[in-house]
Amino acid sequence: MTQGKPMKLIFDFAMPMMIGSLFQQLYNTVDAVIMGKYEGPDALASIAAAFPLMFFMMSAITGMTMGVSVIISQLYGAGDQEQLKKAVSTSMIFLVGMSAVITAVGLVIIIKELTFDKEMFRHIVSFSVPTAIQQSIVSLGMMSVQGTLNGPKRACGEP
């Protein structure tokens, strides 16, 4: 990672993250098109209602994986293989546990937030809660797995 043309190295390092962001955006776009076209405006509104909290939860998980990567990269750079193995295994346990906690807390908040006034939002709530649960479990679960498995690789300089 420290030898070669800097622009190529930066591009190779950033490409997986850019592809991941592209797929996330594609998922959101397809979700909006399908829900809007086949389920109607209430379903589309449910996606919009759940998005801010979903974005916050995804950002929290991304921040944790980046923080763990800093520790792993420092140990890798120092050549401390014993501590590196401990840090990788501990970080995986930590990230999976925290992802589960963030998902559970987020689901509680989403459900409370979206059901506070059922009369006013009764049409949206019927779509929002199942959509929020599905998005939370699938999206955050996949982000956690991806961050847990790819974070140590990126921290050691592999794209």
Side-chain angles (χ1 to χ4, degrees), residues 1-32 34-35 46-116 124-125 127-159:
M1 185 75 190
T2 59
Q3 297 181 5
K5 295 182 180 180
M7 287 307 291
K8 182 183 181 332
L9 293 171
I10 291 170
F11 183 78
D12 289 345
F13 192 73
M15 185 52 73
M17 290 184 280
M18 291 188 310
I19 291 172
S21 295
L22 181 67
F23 278 113
Q24 182 65 38
Q25 185 60 41
L26 183 63
Y27 172 81
N28 291 339
T29 303
V30 169
D31 198 21
I34 290 172
M35 294 299 273
S46 72
I47 293 170
F51 179 76
L53 187 58
M54 285 297 303
F55 185 76
F56 173 75
M57 292 187 299
M58 288 188 290
S59 298
I61 291 172
T62 301
M64 284 188 289
T65 60
M66 290 188 336
V68 164
S69 294
V70 170
I71 295 168
I72 291 171
S73 63
Q74 288 175 339
L75 292 169
Y76 180 78
D80 191 347
Q81 294 298 315
E82 175 99 9
Q83 289 294 338
L84 179 63
K85 289 178 185 177
K86 288 180 183 177
V88 168
S89 61
T90 302
S91 69
M92 288 185 174
I93 293 167
F94 170 75
L95 290 172
V96 168
M98 285 306 295
S99 297
V101 168
I102 288 172
T103 301
V105 169
L107 286 172
V108 169
I109 292 170
I110 287 173
I111 291 169
K112 284 187 175 197
E113 182 78 21
L114 296 177
T115 58
F116 76 96
I124 295 174
V125 169
F127 287 103
S128 295
V129 174
T131 300
I133 291 170
Q134 176 263 330
Q135 283 185 342
S136 294
I137 292 171
V138 173
S139 298
L140 296 176
M142 294 307 290
M143 275 190 72
S144 302
V145 169
Q146 185 269 340
T148 301
L149 298 178
N150 290 335
K153 276 180 43 180
R154 284 194 310 262
C156 295
E158 297 181 29

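Quick note: numbers below take in every heavy atom, side chains included, and nothing from hydrogens, waters or symmetry partners. Along the sequence shown, residues carry numbers from 1.
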Evaluate whether atom CE of M7 has more than 12 neighbouring non-hydrogen atoms of other residues, nucleotides or ligands under 6.0 angstrom away.
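For M7, atom CE is not crowded (no more than 12 foreign heavy atoms under 6.0 Å).
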Which pairs of donor and acceptor atoms, one on a side chain in residues 78-89, lie under 3.5 Å apart (sequence neighbours left out)?
from: D80; atom 1: OD1; to: Q83; atom 2: N; distance (Å): 3.3
from: S89; atom 1: OG; to: K85; atom 2: O; distance (Å): 3.2
from: S89; atom 1: OG; to: K86; atom 2: O; distance (Å): 3.1

Derivation of the side chain to side chain contact (heavy atoms under 4.5 Å, CB included) call for M66 and V70
CA-CA 6 Å; M66 290 188 336; V70 170; 6.0 Å; no
CD1/I72 to OG/S91 distance, rounded to the nearest 0.5 angstrom?
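Going from CD1 on I72 over to OG on S91, the span is 4.0 Å.
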Once you round to the nearest 0.5 Å, how far does OG of S59 lie from CE of M64?
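That separation rounds to 11.0 Å.
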